[in-house]
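Numbering starts at 1 and runs along the sequence shown. Order of listing sets the numbers, starting from 1, for every ligand and every atom in it.
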Amino acid sequence: MTMEKKRKVGENMGRNSPGKNRRDVISLVYAYIIYLIMLIMLIVMVIAKWESRQMDKNVDLDEGEECSKVVRKMRFDCHPENGASELSCIARRCCWDPPIAQHNEAYEEIQVPYCFYPQNWHLYQYERMNETSGEFEGELKNIASSFYKKDIQVVGMRATKIDRNILRVRLENRDNPRYEPIWPIINTYRKKSSNNDSDYEFHVNKMKPGFQVRRKWKKNLIFDSLSAGGFIFSDQFLQISTLLPSHNIYGLGEHRNSLKLDTNWQIFTLFNKDQPPTEHANLYGSHPFYMIVEESGACHGVLFLNSNAMDIILQPTPGLTFRSIGGIFDIFFFLGPTPHDVLRQYSSIIGKPFMPPYWSLGFHLCRLGYGSLEKTRQVWNRTRAADIPFDTQWNDLDYMKNSNDFTYDDDKFKGLPEFVQEIHGVGMHYIPLIDAGISASEGNNTYPPYDEGVHQDIFIKDFYTNAPFIGKVWNRVSTVWPDFTHPNISQYWYIMMNNMHGQFEYDGVWIDMNEPSNFYNGHINGCIQNTFDNPPYQPNVVGNLLATKTLCMNAKHFGGLHYNVHNTYCMGEAVANYRAIIKIRRRRPFIVSRATWIGQGHYSAHWTGDVYSSWHDLRMSIPEILQFSLFQIPMVGADICGFDGNTTVELCNRWMQVGAFYPFSRNHNSDDTIEQDPVALGDLVIESSKKALMIKYRLLPYLYTLFFMAHSSGSPVLNPLFFLYWEDKNTLDIDRQFLWGKGLMIVPVLEQGKTEVKAYLPKGIWYNYYNNTGIISTGQWFVLEAPLDTIPLFIRDGIIIPAQAPSQTTAQSRKNKFELIITISHPSNENPSGSLFWDDGDSIDSINTHNYLYENFEVIDGNKLINTWPNYNPNIQEAVILGQIEVLGLARSVKNVTVDGQEIDTFTYNESTKYLLITNLHIDLSRKFQVMW
Ligand SMILES: *[C@@H]1O[C@H](CO)[C@@H](O)[C@H](O)[C@H]1NC(C)=O
Ligand SMILES: *[C@@H]1O[C@H](CO)[C@@H](O)[C@H](O)[C@H]1NC(C)=O
Ligand SMILES: *[C@@H]1O[C@H](CO)[C@@H](O)[C@H](O)[C@H]1NC(C)=O
Ligand SMILES: *[C@@H]1O[C@H](CO)[C@@H](O)[C@H](O)[C@H]1NC(C)=O
Ligand SMILES: *[C@@H]1O[C@H](CO)[C@@H](O)[C@H](O)[C@H]1NC(C)=O
Ligand SMILES: *[C@@H]1O[C@H](CO)[C@@H](O)[C@H](O)[C@H]1NC(C)=O
C-alpha cells in the first residue's frame with residue numbers, strides 16, 4: 001500500500017472474543033500465507049510489467065510529463081495494496097514518487113500516495129453515446145488491462161432522471177448481469193414532475209471515461225470523476241474517484257468518528273462486523289451514503305448502492321474514492337438543496353422509517369446476566385417502586401435454554417410466561433433477545449428450529465458440501481444460519497416466532513449477532529483458500545480477513561454468495577421478523593437490530609452495540625446516534641451507562657440524563673459488570689433518571705409527532721445543529737449537542753467532574769426548559785450551569801410543542817390531558833407554530849386507514865392560538881383534551897384570557913419571567929378552537 005493505514009485495531013475486546021491461543025496459531029498461519037501471497041504478487045508484477053510494455057500500445061504515456069502535472073493533493077492512490085514498489089507501480093502505468101527518506105515532512109505528507117494515477121490514465125473509451133435532455137446512455141469499451149483480473153469488457157453506462165432533484169447513474173456489465181443487492185427495494189418509478197426540468201446537469205467527456213454532475217444553480221460541481229481518474233471495473237475490484245466540492249462531509253457509517261468526517265487521508269471500511277465501537281474500524285452496519293454541505297451553502301447527498309465489502313477513502317483534495325470488490329456502480333445523487341431536502345429525497349428511494357409503537361418511546365431496562373427470573377423481577381420491581389418512568393423490561397441471552405433461540409430456561413426462568421402477563425397487566429411490555437444463528441447440535445427430533453430448517457432446506461450452505469454451513473456462536477457445540485434470501489424463510493421464521501409467542505407473549509424482538517457474527521473465522525478450521533475469501537484486493541477490515549468472525553465468503557445463500565450478500569443479511573432478518581410480528585401480534589412491530597443496511601429503518605430500530613462504560617464512549621454516543629439520522633434509522637440509542645466494563649455513579653448519572661433523550665432509551669450492561677439499573681446506583685442516579693425521564697415522558701407527544709413526520713416524509717427526528725443551521729458555519733462541526741425536531745435543544749454533560757457545559761446556541765432566543773428564561777443569542781457559545789442532577793435543555797423560539805403530564809408508564813401518560821408549550825420569537829413576525837400527531841399508538845394500519853388525529857397549531861398576532869385541520873377521526877377511543885397552555889417570552893402583560901370567546905380566570909402571568917400559564921382547560925383537540933390572551 002502506498003497510503004499509510006492508520007488503524008490496526010486488535011481483535012474484538014468485547015463479549016464475543018474467541019480464545020486467544022487459537023488466535024496466535026492463526027496469526028502465524030496468516031503471516032505465512034501473506035508472505036506467500038506477497039511472493040506471488042511480486043512475480044505477477046514482474047510479469048505484468050513485462051506484459052504492459054508489450055501490449056499497451058494504445059495507451060501512450062509520456063510518464064515524466066504526465067506525472068509532474070499531478071500536484072500532490074491531486075494524487076489518487078494507484079497501489080492500495082501493501083508492498084508497492086517502483087516496479088509494481090509502473091506495471092500499473094502509474095507514477096512513482098516516494099517520499100524522500102531524510103525529508104522531515106509533516107505527518108500528513110506520509111499519507112500522500114506515492115504511486116498515483118497520471119492525468120491521462122484510463123482503461124476505457126466510449127464506443128457509443130446518446131445524450132438526450134439531461135439523460136445519457138452509452139457504452140465503454142475496455143482498451144487496457146487493469147492490474148486486477150477480469151476487466152469488464154463492455155460497460156453499459158446510463159444516467160436516468162428519477163426526479164428533478166434525483167439522478168441515478170449506473171455502470172454495469174453490458175454482456176452479463178452482475179450481482180445487485182435485493183434490498184432495499186428501490187423505489188425507482190419516475191416521479192411525474194410537472195416539467196422536464198432538473199436541478200442538475202450531467203456531463204461526459206468523449207475522450208475519457210467518467211462523468212460530472214453539476215448543480216445548475218451557480219454551476220457548482222458536486223461530483224467529478226473526470227478530473228480524479230482511476231476508474232476501474234474488473235470482476236473483484238471496482239473503483240471510482242471524485243473531487244468533492246467541500247470538506248463538509250457526513251455519513252459513510254457505521255463508524256465511530258466525529259459527525260463531520262475527517263478528509264485527511266481516512267479510510268472508511270464498510271463490512272458488517274461484530275466489533276465494539278472503536279475508531280477506524282468497520283462496525284455493525286454499512287451505509288455507503290454521504291451528505292455534503294457545499295461552500296455555497298447548498299447541500300447534496302450521494303448513495304453508492306453496492307453491498308460488497310468496500311473501502312471509501314477521503315483525501316484532502318478534497319476527494320473521495322469508492323473501492324468495492326463486487327457488484328456494479330449504481331450511484332444516486334440527491335440535489336437537496338437543504339439537509340432536510342436531501343434526507344427526504346433519500347428516503348423516497350430507500351424507504352421511510354417504520355412508525356414505532358408509542359410504548360417503545362418509553363424507558364427500557366435490560367442486562368445480560370440477570371441469571372434468573374427472580375433477579376429480573378427484582379430489578380423490574382425496584383425500578384417501578386422508585387417511581388422511575390419505565391415501559392419495557394428485556395432479557396438478554398441468559399433467559400434461553402442453552403443459549404438456543406425460541407426457547408426459555410424453564411429452570412432459572414421458570415414462570416417467565418406468567419411474569420410477561422404480569423408486565424402486561426400494568427401496561428408495560430417485554431422484549432427478548434434472538435440471535436441469528438440456530439443450534440446445530442441438539443439431539444435428533446429435540447430441537448425443531450434445526451430439524452425444520454434442515455427439512456425445509458433454508459440454512460446457508462457450505463460451498464463444497466452443500467450441507468448447512470457450520471460455525472459457532474453461543475450454542476454449546478455448533479451453529480447454522482438461516483438464509484434470509486430463501487423464498488421459504490418467511491414461513492419458517494413465522495412458525496418459530498409464533499411457537500415462541502405461544503410460550504410467552506413477547507411484544508418486540510431484539511435481533512443480535514446478525515452481521516452475522518461467528519466465533520470462528522469461517523469454519524472451525526477457517527476457510528479453504530478461494531477467490532472470495534482471498535480476493536485480489538482486501539478492504540481494510542478488522543482482522544484482515546473478510547471471514548474474520550463471520551462466515552466464509554463462498555458460503556451459499558439462495559440469493560447469492562455470502563461475499564455479495566453479507567452486508568444485507570441483517571436486512572433480510574429484519575424483514576422476516578417484521579412480517580412475522582405483524583402476523584403474530586397484529587400490532588405494530590418493534591424490532592431492534594445490531595447490524596443494519598441501507599433502508600433498514602423501514603423495518604427496524606438500532607442500538608449502537610457493545611459500547612464501553614467510559615466517558616469517551618458516552619461522548620462518542622452523540623455522533624454515533626446522529627449519523628443514523630442520515631441513514632433514515634431514527635429509532636436509535638446507545639446502551640445507557642455503557643455495556644462492557646463497570647460504570648460509575650457519576651458516569652451513569654450523566655448517561656441516564658442524555659440517554660433519556662435518545663429516541664431509543666435503554667439501560668443495558670454485560671454479565672461481568674456491577675449492576676447499573678438506576679436503583680442499584682443510589683439516590684443521585686435515581687433522582688436524575690426520574691427527572692430526565694419525566695421530561696421525556698412529558699414531551700413524548702412531540703417526539704411521537706416527529707416520528708410520524710419521519711415515517712411520512714423522511715425528515716429526521718434528531719437533528720445535529722447543521723441540519724437546521726447549515727448556513728451558520730459554526731454549526732458544521734458540532735456533535736456534542738443535538739435537537740429533537742427543531743424545537744428542543746439538548747446539551748448533555750459528557751465529561752467527568754463538570755457541572756458546567758459549553759454550548760452553542762444559534763441565532764435566536766433559547767428558553768431554558770427549567771425556568772422559562774430566554775437567552776438571546778447572536779450565534780454564540782455559552783457556558784451553562786449543569787448541576788449533577790440536571791441536563792441543560794432549551795426550547796427554540798417560535799415553536800409550539802405538544803406535551804402531556806408524565807406518568808410512570810406511557811399507558812398511563814397517554815391518558816393525561818395535553819399541554820402546549822408556546823415560545824414567542826422577538827423581534828419577528830414569525831408566528832409560533834407546531835403540530836400534533838395522535839393515534840392509538842400501536843395498531844398496524846392506523847395511518848393507512850386514517851384512524852388518527854393530525855393538526856397544526858399557530859399563534860397569530862402574538863395573542864391568538866388557533867388549530868387547523870383537526871382532522872378528527874371518531875375511531876380514536878381516547879379523548880384528546882387540552883388541559884394547559886404555557887406561553888414563554890410574552891412581553892405584553894396579560895389581563896384577560898378567552899377560550900372560544902368565553903373569558904376564563906384560570907391563568908397567571910409573571911411580568912419578570914414573561915411567562916403566561918393557563919390551566920384547568922378542557923378543550924377538545926379534535927375540534928377547532930381559539931384561545932386569546
Ligand atoms: C438514443 O436516444 C433516443 C431517444 O431517447 C432513442 O430513441 C434511441 O433509441 C437511442 N439510441 C440508442 C442507440 O440507444
Ligand atoms: C414489588 O414487590 C413487593 C413485594 O413482593 C410488592 O409488594 C410490590 O407491590 C411490588 N411493587 C411493584 C411496583 O411491583
Ligand atoms: C440423527 O439423524 C441423522 C439422519 O437421520 C443420522 O445420520 C444421525 O446418526 C442421527 N444422530 C443421532 C445422534 O441419532
Ligand atoms: C466490576 O466490578 C466488580 C466488583 O468490583 C468486579 O468483580 C468485576 O470484575 C468488575 N468487572 C469488570 C469488567 O471490570
Ligand atoms: C434560570 O436558570 C439559569 C441557569 O441555571 C440561570 O442562569 C437563570 O438565572 C435562571 N433564571 C431565573 C429567572 O431563575
Ligand atoms: C376581556 O375581554 C372581553 C372580550 O374582549 C371583554 O368583554 C372584557 O371586558 C375583558 N375583560 C377585562 C377584565 O378586561
Side-chain angles (χ1 to χ4, degrees), residues 12-17 276 363 365 367-369 371 373-393 415 418-428 430 610-614 617 639 641-649 651-652 657 668-681 686 690-691 695 745 747 749 754-759 761 765-777 780 782-795 807-809 811-812 823 886 888-890 909-915 917:
N12 187 351
M13 322 111 68
R15 57 199 283 201
N16 307 326
S17 316
F363 177 58
L365 192 52
R367 88 164 286 180
L368 171 60
L373 183 65
E374 195 186 342
K375 187 72 204 184
T376 309
R377 180 194 293 277
Q378 187 194 342
V379 173
W380 176 72
N381 179 300
R382 72 188 178 203
T383 307
R384 287 169 47 77
D387 286 332
I388 295 169
F390 179 23
D391 262 77
T392 310
Q393 178 64 51
E418 294 76 16
F419 178 57
V420 173
Q421 293 305 341
E422 198 179 332
I423 287 176
H424 289 165
V426 295
M428 293 178 66
Y430 176 77
D610 296 353
V611 297
Y612 204 78
S613 298
S614 71
D617 280 46
D639 278 347
C641 303
F643 176 77
D644 275 316
N646 280 330
T647 197
T648 65
V649 168
L651 175 64
C652 193
Q657 287 172 351
H668 175 224
N669 61 329
S670 189
D671 55 355
D672 61 349
T673 62
I674 57 169
E675 291 184 303
Q676 69 177 33
D677 57 290
V679 176
L681 291 173
I686 294 173
K690 225 149 89 174
K691 188 168 167 182
I695 297 170
M745 173 82 82
V747 187
V749 177
K754 294 283 164 66
T755 50
E756 288 181 339
V757 59
K758 243 181 96 185
L761 299 178
I765 307 175
W766 295 89
Y767 293 95
N768 183 322
Y769 178 86
Y770 299 96
N771 66 17
N772 309 318
T773 330
I775 299 185
I776 298 170
S777 175
Q780 299 160 249
F782 293 86
V783 176
L784 307 168
E785 292 167 28
L788 274 178
D789 67 346
T790 305
I791 176 171
L793 301 170
F794 295 89
I795 303 177
S807 292
Q808 223 206 322
T809 62
Q812 290 162 4
T823 57
E886 287 175 273
L888 281 59
L890 195 58
Y909 177 75
N910 185 327
E911 303 264 351
S912 69
T913 55
K914 303 192 179 90
Y915 174 71
L917 175 65

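Looking at Thr673, Asp671, Asp644, Asp672 and measuring to atom 9 (O) of ligand 4, the nearest heavy atom belongs to Asp672.
Asn646 ND2, 3.5 Å is the protein heavy atom nearest to atom 14 (O) of ligand 4. When hydrogens are left out, the protein atom nearest atom 4 (C) of ligand 4 is Ile674 CG2, 4.1 Å; that is the closest non-hydrogen contact. Nearest protein heavy-atom neighbour of atom 8 (C) of ligand 5: Asn771 ND2, 3.7 Å. For atom 5 (O) of ligand 2, the nearest non-hydrogen atom of the protein is Asn381 ND2, 4.6 Å.
Every atom of ligand 5 with a heavy atom of Thr773 under 4.0 Å away is listed here by number and element: 1 (C), 10 (C), 11 (N), 12 (C), 13 (C). Taking every heavy atom of Asn768 and a limit of under 4.0 angstrom, the matching atoms of ligand 5 come to 1 (C), 2 (O), 3 (C), 4 (C).
Under the 3.5 Å distance criterion, the side-chain polar atoms of Lys690 are matched with a main-chain donor or acceptor of Ala386. Here the side chain of Ser670 pairs no donor or acceptor atom with the backbone of Thr673 at under 3.5 angstrom. A donor-acceptor pair is defined here as one N or O able to donate and one able to accept, closer than 3.5 Å; no such pair exists between the side chain of Thr823 and the backbone of Leu888. Side-chain atoms of Gln657 come within 3.5 Å of backbone N or O of Leu788 as a donor-acceptor pair.
Below 3.5 Å of separation, one finds an N or O of Glu785 facing an N or O of ligand 5.
Residue Gln808 comes nearest to Ile388 through the heavy atom pair NE2-O, 3.3 Å, listed as atom of the first residue, atom of the second, then distance.
Here the side chains of Trp380 and Phe419 are in contact, with some heavy-atom distance below 4.5 Å.
For atom 11 (N) of ligand 4, the protein comes within 4.0 Å by at least one heavy atom. Closer than 4.0 Å to atom 2 (O) of ligand 5 lies at least one heavy atom of the protein.
Atom CG of Asp677 and atom CG of Asn669 lie 8.0 Å apart (nearest 0.5 Å).
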